[in-house]
Amino acid sequence: TSKRKLLKLVEDGKVSGWDDPRMPTIAGIRRRGIPPSAIRRFCEMVGVARSESRVEIGMLEAAIRDDLAARAPRVMAVLQPLKVVLTNWEEGKIEMMEAPLYSDNVPDEHVATAKRSREIPLTREIYIEKDDFMIDPPKKYFRLRPGGEVRLRYGYIIKCEEVITDPKTKEVIELRCTYDPETKSGSEQTRKVKGTIHWVSSSHGVPMQTNMYNNMLSVPNPDQALSEDPERSLNDLLNPASLRVLGKTYAEPFIKEDIERFYDELRELKKSSESSLSPEPVPLPRYQFERQGFFALDHKAESVPDEGTSPEISVNRIVGLRDTWAKIDSKQKGKGTVRGSGQRRKAEPQVQNTPPFQRVDLRVGKIVDVWEHPDAEKLWCEKIDLGESDGTRTIVSGLRAHYSKEQLMGKKVVVFANLKPSKLRGIQSQGMVLAASNEDHSIVQLLEPPSDSKVGDKVACQGEDVSAYALPDTSINPKAKTSVWPKVQEKLIVNSEGVPLFDSTPLVVGNARCTVESLKDATIG
């Protein structure tokens, strides 16, 4: 994107400045926390070509992930805290749990700290992730549930004895648990549980603001998108979900100690007359939050707090743990092209025992733009964010007679994501929005994911272990003789109680069910 277009984003206040972590500028990349070594690694992967070319952003993410995995210390942080009280833990008792900072395969020259381990305080009250507890879990759910047991990472096995909910919203606000003192990690105990979750002490946890960054633009090629539709501007292509700020998040105490060390070294460097040509004379604190992703301190180069002060901590997500590039690469291989060989090969077959429903990729999407189909009065054209690195998708739907543009804007929907793209009245549709309808199709209501679901989340059958099967098909042609979609669609219904089902099993995202507004005894398609 040209400097002229970036300047307009700055002048219009769409970003915080040239160093906004979403900006493709040196200052923005540095503030995001992307290390120089990762950029060099990316350049080596891409190589040099005489002709103009584009690469998937997932390739950059893979380079960053590989670089940080070999140098970033691993710590625990809770981004959506749920309070847990260990009722049989002595009041005021603090027990220090020893845990490694780095995996064994990280060489000593990549260890930024003076030691390879840290101590974590365990207390009577702790925080766990909201997603690690479910009141009504499916069969093979191995995290915490009422009456269920899990292991606290580096700690003890705990059992949920009581669930406290908000009397008005019915939201879970606190769990009362007991711990087994004979089950400390590393001890010679033999009792095992299948689930392990991360946690942070509520009294010793370090409060921080967590900035969850995503792609700034909703399309992979803005110049092409603007040339195809001259009436649109760059502002129309901005991704509304490019930044999500989480205010109440907590990390273990090591982070505060490490950040204080970073600022002490910066102050010493400023006092000395020595200057450094290094882009990072003092390495920026970067971490792998276990089960979350890679994060870095949100630090502006000119900002150094005074000695003795305790500034508020803010961290930026650099990249998630999901390997986007591996997914892209596997899709390319599945299409039958051997990279660099110029030859064709047969696509790798799907696992034969994969059930039909598991071959269909149903995901949560969010509608970010809606406009009228230029050649069809009954069709809407929608831009839908599925959390993909290459931007939003354009999907054409027949919802125009049932939903207004205002009703659809910002709405979460369920998308048939691996439907073979096809043209609908001249516009390429890259998926299908699922909705329920009565027998004569006079009433149509969207299949809605849970309110707390995230774009890109998988829609599954309650109680089914999706990890036991192969990935969904790369593409499904609904008109093919051997297509799996008709077999799935005939079993997608809304029952007499208004619950969306596949083959008598509720459709869920995580621990919550999908819904429709009011329809009963309806079909889904």
Side-chain angles (χ1 to χ4, degrees), residues 1-40 42-43 57 60-61 63-64 67-68 79 207-223 225-226 232-249 255 259 262-263 265-267 269-270 275-287 293-306 309-320 368 385 389 391-392:
T1 303
S2 70
K3 287 185 287 185
R4 174 176 55 84
K5 293 174 181 175
L6 294 179
L7 176 62
K8 184 166 178 57
L9 292 178
V10 175
E11 291 176 340
D12 291 349
K14 300 298 183 181
V15 293
S16 60
W18 288 100
D19 66 344
D20 188 293
R22 292 166 290 183
M23 292 280 276
T25 59
I26 292 177
I29 290 172
R30 186 174 293 168
R31 187 175 169 195
R32 178 82 168 254
I34 300 174
S37 53
I39 299 298
R40 291 192 291 269
F42 172 65
C43 293
I57 194 171
L60 172 61
E61 292 175 355
I64 297 169
D67 183 86
L68 290 174
L79 305 187
M208 61 185 183
Q209 174 181 294
T210 303
N211 306 312
M212 307 291 283
Y213 286 105
N214 208 329
N215 297 334
M216 182 168 63
L217 298 177
S218 59
V219 295
N221 190 340
D223 292 331
L226 294 175
R232 307 182 82 187
S233 68
L234 188 63
N235 287 348
D236 296 324
L237 304 180
L238 294 178
N239 178 10
S242 63
L243 171 59
R244 185 162 57 100
V245 178
L246 305 178
K248 293 183 178 180
T249 60
I255 280 196
I259 291 174
F262 167 73
Y263 283 133
E265 292 184 14
L266 276 185
R267 283 189 287 265
L269 188 66
K270 288 184 69 176
S275 61
S276 174
L277 296 177
S278 170
E280 286 190 0
V282 179
L284 186 71
R286 300 179 178 91
Y287 312 97
F294 293 97
F295 293 76
L297 175 68
D298 185 13
H299 168 69
K300 291 188 176 183
E302 69 279 3
S303 174
V304 180
D306 295 332
T309 60
S310 298
E312 294 183 358
I313 295 175
S314 178
V315 296
N316 299 329
R317 183 175 66 176
I318 307 171
V319 67
V368 297
D385 179 15
S389 61
T392 59

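On a predicted model such as this, the values are computed, not experimentally measured, just so you know.
Side-chain contact between Leu243 and Asn214 is absent, with no heavy atoms from C-beta onward closer than 4.5 Å. Between Pro311 and Tyr263, the closest side-chain pair of non-hydrogen atoms falls below 4.5 Å.
For Thr25, there are no side chain to side chain donor-acceptor pair (under 3.5 Å) partners at least two apart in sequence or on another chain. Partners of Lys14 under the salt bridge (charged side-chain N to carboxylate O under 4.0 Å, His left out) rule, at least two apart in sequence or in another chain, do not exist in this structure. Partners of Phe295 by ring pair (Phe, Tyr, Trp, His ring centres under 6.0 Å), not counting sequence neighbours, listed by chain and number: Phe289. Residues satisfying the side-chain contact (heavy atoms from CB on, under 4.5 Å) criterion with Ile29, sequence neighbours excluded, are Ile34, Ile39. Listed by chain and residue number, Asn211, Asp298 satisfy the side chain to side chain donor-acceptor pair (under 3.5 Å) test with Asn316 (two or more places apart in sequence, or in another chain). Scanning for salt bridge (charged side-chain N to carboxylate O under 4.0 Å, His left out) contacts around Arg244 gives an empty result, with sequence neighbours left out.
The one candidate from Asp12, Leu6, Val10 that meets the side-chain contact (heavy atoms from CB on, under 4.5 Å) condition with Lys8 is Asp12.
Atom OG1 of residue Thr210 and atom CG of residue Leu79 lie 5.0 Å apart, to the nearest 0.5 angstrom. Atom CE of Met208 sits about 4.0 Å away from atom OG1 of Thr249, to the nearest 0.5 Å. Remark: Lys5 NZ to Asn235 CG distance equals 12.0 Å, nearest 0.5 Å.
Side-chain N or O atoms of Asp20 include one that pairs as donor or acceptor with a backbone N or O of Ser16 at under 3.5 Å. Of the possible donor and acceptor atoms, none in the side chain of Arg30 sits under 3.5 Å from a partner among the backbone N and O of Pro21. Formation of a donor-acceptor pair under 3.5 Å by the Arg267 side chain with backbone atoms of Val304 is not found in this model.
Within 6.0 Å of the CD1 atom in Ile26, the count of heavy atoms belonging to other residues, nucleotides or ligands does not exceed 12.
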